[in-house]
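Structure, as C-alpha cells:
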Amino acid sequence: MSGDNPHHDSQVDSGSRNNDHKHKEKYRDKEHKQKEHKKDKEREKSKYGSSDHKDFSEKKHREKERLKHKEGSTDRHKDKHKDKRKEENIKPKKEKENGFASPPRIKSEPNNDDFYPSPKSLKRERDDDEPEVKPKKIKIQNDKVDKKGKKRKADVEDVKPKKGQKNKKGEVADGKKKAKKEPEEKWKWWEEERYTDGSKWRFLEHKGPVMAAPYEPIPGNVRFFYDGKPMKLSQDAEEVATFFAKMLEHEYTTKDIFRKNFFKDWRKEMTAEEKAKITDLKKCDFTELAEYFKAQSEARKAMTKEEKLKIKEENERLLQEYGFCVMDNHKERIANFRIEPPGLFRGRGDHPKMGMLKRRIRPEDIIINCSKDSKHPKPPPGTRWKEVRHDNKVTWLVSWTENIQGSIKYIMLNPSSRIKGEKDWQKYETARNLKKCVERLRSQYREDWKSKEMKIRQRAVALYFIDKLALRAGNEKEEGESADTVGCCSLRVEHINLYPEKDGQEFVVEFDFLGKDSIRYYNKVPVEKRVFKNLQLFMENKQPEDDLFDRLNTSILNKHLQELMDGLTAKVFRTYNASITLQQQLKELTNPDENLPAKILSYNRANRAVAILCNHQRAAPKTFEKSMQNLQAKIDAKKQQLSEAKRDVKSAKADLKVRRDEKSKRALESKKKAVERAEEQLMKLEVQATDREENKQIALGTSKLNYLDPRISVAWCKKWGIPVEKIYNKTQREKFAWAIDMADEDFEF
DNA sequence: GTTGGAACTTAGGAATCTGGAT
DNA sequence: ATCCAGATTCCTAAGTTCCAAC
C-alpha cells in the first residue's frame, strides 16, 4: 500500500505557515502555571472513573540560580522537577534490536586504508564472547538489495591491531605521504555483518579534538570605553567583551534578556576593580572593538590569493590530521572535530538563557573515548584530559559538558561513516515495517477513541495527530531552561481552536504553536467527528495553559507503540509518512514524456510536499526579492523576444504569400521554430519562478537528509534515467552511498 | 515506576565556496 | 579578473529515545 495516507492531502497544500514573530509574543511572557490547575485533572479523572489515576503530586519548585559558570564546573544544572503526571504503569521494557534484521557483524578486510597501517598483517583477535559471531546472515529484507551477491567474508576474523600497527600508524601520521592517497575503492560496509551485541566498534583510534584557538588580545589602540572614558580591561573581561562587540550589529544585543544574561556573566569574568567600576551595561561602549573586528573581516576578504590559499592549506592539514579516525580497520571521517569555541549563547526563539557566556573548553573538561590498545590522543602540552575511557558501547570519540544547559556535547563520525549509515538504514527499515502494519494501528487507535479510559483516548487522539500531521512526539520541557515550544504530547489548550464548522468544512481543528527551534506550526485540519468530540472533552474545564493531553506523555506513548510494533516510536511515523509521501508524490507527479528539467521539477515538488508535511521552514533568503526580480526581468525579456519572434513569423508569412518560393517557406519555418523555442524557454522560466516562489519559506534539505528513504530517490533516478547527481550533491551521495549502491529501479518503500 | 542523564538524530541559519555572468 | 547569487558546508542548538539508578 503505497500512497496510503489520504489524510495528508489537505496538509500538503494547505496553506501558509509563516513564521510570524508577533505570534511569538503571544507566548513570550506567559507564566505557565499548570500546577494550579491540577484540580481540573482531578475532575476529569472522576468523570471517567478510571482507577488507574493516582493523583499527580505536584512538585515544581525550581530553584533557579545555578552555579552555571562556576569554574570548571562539570556539574549538571538540570535539577529538573517535573510536574508531569506519573500515574501510568509502565510496561517492562523489552530488549531488542529495533527490529533490524541484520546479521552479526563479522569483520571483513578492508583494502582502503593505506594511510593508516595496513591491517593486513595485524590480526584482530576474535571476540570469543560473542556467540553470534557466526553470520547467519539475516539479510536485510530488501529483496533487490542483494542482487549483487556479496562476497561476505563471513570467516574473516575480527582483527585487533597490534603493536605493529601502532608503529606504522605513527609513521603515517608523521610523514603522511600516504595519507594523501584516496582510497580508490569505497568500503561497502552495507555488505558486511553487523554487531549484534550492542557494541559499536572493536577498535577506535583518533587524534583527539582540535581545541579552540586561544584568545588573541586586541591591539592597544583599540579601546573600550566606560562612561565615555577609555578603560583597559583585564584579559578575561576583555575576551568576553569582544564576544559582545562582535555581535553588536545583531538585533539580539538589544534584547533585555540577552543583555541581562550577558552582563551578569561578564561581571563574573571581571577583576574586583572592574566589577566595582563597570556596573551598567548601557555605559559600555564597544564600538571601537566592533569596528576593529569589522575591519579585520574586511581585511580577510581582501587577502591575496596566496594568503587565502595558505589558510586553506592549513585547514586541509588540520582536516587530514584530526578529521579522521580509524574505526575497525577503516579510516572514517569525523563530523565535528573542533571543540566549540567560547562565545555568547544564542538559543533559538525566546530563549531565557540567550546572552549567557559559553565558556571556553579546556582539555581538563574533555573526555576521550578510544580503544585501550590504540594510540591515545595527546592533550596539549602541559595539560591533561579529564578522562580517557574505552567504551565501545557508544559511538563518540570525545565529549565534554557544556555550561549553559549542562548537557553533554560529543564529537562523532560523519554521516558517511559505517556507524551512522547503518543506523540510518535501520531507521528506514523500521519505517518500512510500520508501513506493513500501519492500517492495523490506525484501526486500533480509532477504536481507542471510544475507550472508557481517558488516558487511552488521549493516547489515541495524540497518535492520530502524529500520524496524520507528522507532529513530533513532544517531550515535556523544563520551564525557564529553554524557549517555550511544544510537540504533540505537550500541546496545551491554548494551542488549538475547535470549529464545528469552518470554511464549509466540519470539525476543523486549528493548530497554532511553536515547535522545535521555535518554528511556528499553523494548520487548519478537518478531523473526524469522534476526534473533535474527544478534543472538546479534553479541553473541558481547563485553562489555556493547561496540557491538552494531561494523561499522556511521550514515555507512555512510546511504550504503547513499542507493544504494537517492534522498534516503533513516535518519530517513526514522521519518517514513514515523509517517505511514503515522497514515493506517492513521485508516482503522481512524474510525467514520463517530460524532459529532464521537468522531471527534476517534479521531484522537487514531491520533496516540497514532504517538507510542508513536516513543517520544514526557513527564513526567506535575504536575497529573495532581488533574485525574484532578476528572474522576472528574464521573463520579461523573454516575453519581449517572443513577441518579436511572433512578429517575424507574421512578416515571414506575408513574404511567403507574395513570393511563394522555397526560401520564404524555409524562412517561415525557422521563424516558427524560433517562436516555439522562445515559448518553451519562457515556460521554463515561469515554472522556475513558480518553483522558487513556492520554495520561498520551505526548506527541502532537512527532509531530504533525514526523512526520505534515499532508496526511493535512487530508484526514481534509475527508473527515469536521471543522473543521481541531479538529486544528491557530493556530500549527500556520500551519506547515501549505501542506497545508491543497493537500490534498483523497482525499489518500493 | 520515576527520574534525570546519556546518547544520538534532527534542525535552521551563518559562513564559506563556487562557477557563471559580466 | 571580478562579482554575485546560489549551493554547500559548518556550526551547534534543540529535539527524541534509551537506560540506569533510585
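The chains referred to below are lettered A, B, ... by the order of the sequence lines, with proteins before strands, and numbering in each begins at 1. Here the structure is a predicted model, which is why all the values come from computation and not from measurement.
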Of the candidate nucleotides [options], which contains the atom at the shortest distance from the side chain of [X]?
X: A:E340; options: B:dG12, C:dA13, B:dC8; answer: C:dA13
X: A:K626; options: C:dA5, C:dT17, B:dC8; answer: C:dA5
X: A:P341; options: C:dT12, C:dC18, B:dG13; answer: C:dT12
X: A:N475; options: B:dC8, C:dT12, C:dT17; answer: C:dT17
X: A:K427; options: C:dT17, C:dT9, B:dT10; answer: B:dT10
X: A:T569; options: C:dC10, B:dA7, C:dT17; answer: C:dT17
X: A:H616; options: B:dA6, B:dG12, C:dA13; answer: B:dG12
X: A:N336; options: C:dT12, C:dT17, C:dA14; answer: C:dT12
X: A:A699; options: B:dG12, B:dA11, C:dT12; answer: B:dG12
X: A:D517; options: C:dT12, B:dG12, B:dC8; answer: B:dG12

Under-4.0 Å side-chain N/O to phosphate OP1/OP2 contact, [X] with [N]:
X: A:R574; N: B:dA11; result: yes
X: A:R346; N: B:dG13; result: no
X: A:S518; N: C:dA14; result: no
X: A:T702; N: B:dT10; result: no
X: A:K420; N: B:dT9; result: yes
X: A:S482; N: C:dA13; result: no
X: A:Y410; N: C:dT12; result: no
X: A:K477; N: C:dG15; result: yes
X: A:N558; N: C:dT17; result: yes

Roughly, in whole Å, what's the span from [atom1] in [X] to [atom2] in [N]?
X: A:K704; N: B:dG12; atom1: NZ; atom2: P; value: 15 Å
X: A:R472; N: B:dA11; atom1: CZ; atom2: C1'; value: 8 Å
X: A:F337; N: C:dC11; atom1: CZ; atom2: C1'; value: 12 Å
X: A:N553; N: C:dC18; atom1: CG; atom2: P; value: 14 Å
X: A:L631; N: C:dC4; atom1: CG; atom2: P; value: 19 Å
X: A:K409; N: B:dA7; atom1: NZ; atom2: P; value: 15 Å
X: A:Y322; N: C:dC10; atom1: OH; atom2: P; value: 18 Å
X: A:I408; N: C:dG15; atom1: CD1; atom2: C1'; value: 16 Å

Would you say the side chains of [X] and [Y] form a donor-acceptor pair under 3.5 Å?
X: A:N558; Y: A:Q562; value: no
X: A:Y603; Y: A:S713; value: yes
X: A:K477; Y: A:T485; value: yes
X: A:D365; Y: A:T401; value: no
X: A:N392; Y: A:Y195; value: no

>> Before you tell me yes or no, could you show the steps for A:R574 and A:C614 under side-chain contact (heavy atoms from CB on, under 4.5 Å), namely the whole-Å CA-CA distance, both residues' side-chain angles and the distance that decides it to 0.1 Å?
In response: CA-CA 7 Å; A:R574 247 167 105 79; A:C614 293; 3.8 Å; yes
>> Pair A:I698, A:I612 - check side-chain contact (heavy atoms from CB on, under 4.5 Å), show working.
In response: CA-CA 7 Å; A:I698 313 251; A:I612 289 170; 3.4 Å; yes
> What string of B, S and - do you get for nucleotides 14-22 of chain B, 5' to 3', if B is base contact, S is sugar-phosphate-only contact and - is no contact with any protein heavy atom under 4.0 Å?
Replying inline: ----S----
Does [X] reach a base, just sugar-phosphate, or nothing at all? Heavy atoms under 4.0 Å.
X: A:A570; answer: sugar-phosphate
X: A:S399; answer: nothing
X: A:G701; answer: nothing
X: A:T554; answer: nothing
X: A:K301; answer: nothing
X: A:R618; answer: sugar-phosphate

> DNA chain C: A:R338 or A:G347, which has the more 5' nearest nucleotide?
Replying inline: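 On the 5' side of the pair lies A:R338.
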> Which residue lies toward the 5' end of DNA chain C, A:G474 or A:R333, if each is placed at its nearest nucleotide?
Replying inline: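 Comparing both residues, the 5'-ward one is A:R333.
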> Is a donor-acceptor pair below 3.5 Å formed from side chain A:K571 to base B:dT9, judging by atom type as modelled?
Replying inline: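 For A:K571, whose side chain was compared with the base of B:dT9, there is no donor-acceptor pair (under 3.5 Å).
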>> Please compare A:K735 and A:V394 by the position of their nearest nucleotide in DNA chain B and report the one closer to 5'.
In response: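 On the 5' side of the pair lies A:V394.
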> Between A:R317 and A:E321, is there a side-chain N and carboxylate O pair less than 4.0 Å apart?
Replying inline: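 Counted as a salt bridge, because a side-chain N and a carboxylate O are separated by less than 4.0 Å.
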> Would A:E734 and A:K730 satisfy salt bridge (charged side-chain N to carboxylate O under 4.0 Å, His left out), going step by step from the backbone distance to the final call?
Replying inline: CA-CA 6 Å; A:E734 279 165 12; A:K730 179 157 161 285; 3.7 Å; yes
> Should the ring pair A:F465 and A:F511 be called parallel, tilted or perpendicular, given that the plane angle runs from 0 to 90° and is split at 30 and 60?
Replying inline: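 Geometry flag for A:F511 against A:F465: perpendicular rings.
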